[in-house]
Amino acid sequence: MLRMLRGRVSDRVLEAMEDTPRELFVPNRVRQMAYQDHPLPIGDGQTISAPHMVAIMCDLLDLGEGMRVLDVGTGSGYHAAVMAKLVGPEGHVYSIERVATLVAFARKNLSEAGIENVTVVEGDGSRGLPDHAPFDRINVAATAPKVPEPLQAQLKVGGKLVIPVGTCYQELLLVVRTEEGFEMEQHGGVVFVPLIGDHGFQV
């Protein structure tokens, strides 16, 4: 599954994914499909992203050792676990999820996988986590109508944010904060569940 990504994403990302047991982050009923390259249901209408999408988003973020990362949309915790490998023991991932049952599921999965540098918080991901800001990197695994202003505000100068934006058609954006403002790059069409919250879609 990861072989097809060689040359498209960095070896560091592929090594982090190979070192993260994806089967621990999916429900038992779909565990046999854990390494297939498509999204899988994890309950409460949510999904775990396809492996190639996790790889692409991590690669765009260019995660380095010691970075402080905000992960919006914890889901089962898999994406946070891969990013935790990339930032290393000196780095930390703060992951926020609005669905309480998934918060518990992710915490259990991360514990079983031996991942210690991820903190899972229940809350509105579109607001970010101002108490832990600023962040070197922000990853958003749900589509928003536009880039939420609180997330932009919590990004360090020089920091990077990856987020899908759109409704019927979604575009994966890389947002870079500069001294002058924000630069945005488009990285193709994607399909994600909606980001529900004050600065996302309304329920």
Side-chain angles (χ1 to χ4, degrees), residues 1-5 8-9 13-61 63 69-87 93-126 137-144 161-166 170 172-173 187-197 200-201:
M1 178 268 295
L2 295 178
R3 287 194 298 272
M4 68 178 185
L5 292 170
R8 294 179 58 195
V9 302
V13 169
L14 296 180
E15 288 166 5
M17 292 182 68
E18 288 171 349
D19 196 36
T20 306
R22 188 173 163 89
E23 69 274 9
L24 295 183
F25 293 88
V26 298
N28 288 334
R29 66 183 182 279
V30 294
R31 187 161 285 191
Q32 73 278 10
M33 297 185 284
Y35 291 93
Q36 295 180 12
D37 193 31
H38 54 75
L40 293 172
I42 56 173
D44 293 284
Q46 305 300 301
T47 60
I48 180 175
S49 295
H52 80 273
M53 185 54 58
V54 174
I56 288 168
M57 294 175 79
C58 287
D59 194 60
L60 287 173
L61 284 173
L63 296 148
V69 180
L70 174 63
D71 177 45
V72 176
T74 313
S76 69
Y78 176 73
H79 206 143
V82 174
M83 292 191 292
K85 299 277 187 179
L86 289 164
V87 301
V93 178
Y94 293 90
S95 191
I96 185 165
E97 170 59 55
R98 70 180 184 87
V99 181
T101 53
L102 291 180
V103 170
F105 185 50
R107 287 173 178 164
K108 177 183 75 70
N109 298 339
L110 289 160
S111 176
E112 290 181 357
I115 305 293
E116 298 181 348
N117 57 332
V118 176
T119 299
V120 181
V121 179
E122 182 180 346
D124 179 353
S126 73
R137 301 289 189 265
I138 299 177
N139 178 78
V140 185
T143 188
L161 182 159
V162 171
I163 181 171
V165 171
Q170 302 173 18
L172 187 65
L173 298 182
H187 286 272
V190 291
V191 179
F192 279 83
V193 297
L195 177 65
I196 305 297
F201 293 99

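Quick caveat: nothing in here was measured; it's all calculated off a predicted structure. Starting from 1, each residue takes its place in the sequence as its number.
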Atom CG of Asp44 and atom CD of Glu97: how far apart are they, to the nearest 0.5 Å? 8.5 Å
Working to the nearest 0.5 Å, report the span between OG of Ser95 and CG of Leu70. 8.0 Å
Nearest heavy atoms of Ala81 and Ile115, plus distance in Å: CB-CG1, 4.1 Å
pair Met17-Tyr78: side-chain heavy atoms closer than 4.5 Å: yes
Can Arg22 be said to sit on top of Tyr35's aromatic six-ring, NZ or CZ under 6.0 Å from centre and within 45° of the ring axis? no
Test log, rule side chain to side chain contact (heavy atoms under 4.5 Å, CB included), inputs Val162 and His187: CA-CA 10 Å; Val162 171; His187 286 272; over 6 Å; no
Do you know which two heavy atoms are closest between Val118 and Ala84, and how far apart they sit? CG2-CB, 3.6 Å
Does Asp59 use its side chain to pair, donor to acceptor, with the backbone of Val13 at less than 3.5 Å? no
Assess whether side chain to side chain contact (heavy atoms under 4.5 Å, CB included) is satisfied between His79 and Met53, documenting all intermediate values. CA-CA 10 Å; His79 206 143; Met53 185 54 58; over 6 Å; no
Main-chain N/O of Val103 paired with Glu122 side-chain donor or acceptor, under 3.5 Å: no
Check the pair Asn28 / Arg31 against side chain to side chain contact (heavy atoms under 4.5 Å, CB included), numbers first and verdict last. CA-CA 5 Å; Asn28 288 334; Arg31 187 161 285 191; 3.4 Å; yes
Please identify which of these residues, Val190, Leu195, Leu173, meets the side chain to side chain contact (heavy atoms under 4.5 Å, CB included) condition with Val165. Leu173
Listed partners of Asp124 passing salt bridge (Lys or Arg N to Asp or Glu O under 4.0 Å), at least two apart: Arg127
Working to the nearest 0.5 angstrom, can you tell me the gap between Leu40 CG and Arg29 CZ? 9.5 Å
Side chains of Leu172 and Met57 in contact at under 4.5 Å (non-hydrogen atoms): yes
Would you say the side-chain atoms of Asn139 pair up with the backbone N or O of Asp71, donor to acceptor, closer than 3.5 Å? no
Heavy atoms of other groups near Glu116 CD, more than 12 under 6.0 Å: no
Begin with the C-alpha distance, continue with both residues' side-chain angles, and end with the deciding distance and a verdict on side chain to side chain contact (heavy atoms under 4.5 Å, CB included) for Arg107 and Asn109. CA-CA 6 Å; Arg107 287 173 178 164; Asn109 298 339; over 6 Å; no
Using every non-hydrogen atom in the two residues, find where Ser76 and Ile48 come nearest and quote the distance to one decimal. OG-CD1, 3.8 Å
Can a donor-acceptor pair be found, under 3.5 Å and without considering hydrogens, that links the side chain of Thr143 to the backbone of Gly166? yes
Can you name the closest pair of heavy atoms from Ser49 and Val54 and give their distance? CB-CG2, 4.0 Å
Validation row: Phe25, Ile42 side chains within 4.5 angstrom (heavy atoms): no
Closest heavy-atom pair, Ile163 versus Ala142, reported as atoms and distance to 0.1 Å, is CG1-O, 4.2 Å
Mind checking whether Lys85 and Glu18 have side chains closer than 4.5 Å, heavy atoms only? no
Nearest heavy-atom pair of Ala106 and Gly75: which atoms, and what distance? CB-O, 3.6 Å
Restricting to side chain to side chain contact (heavy atoms under 4.5 Å, CB included), what partner residues turn up for Thr47, sequence neighbours left out? Pro39, Val193
Straight-line distance of Leu161 CG to Leu61 CG, nearest 0.5 Å: 8.0 Å
So do the side chains of Thr74 and Leu102 get within less than 4.5 Å of each other, counting heavy atoms only? no
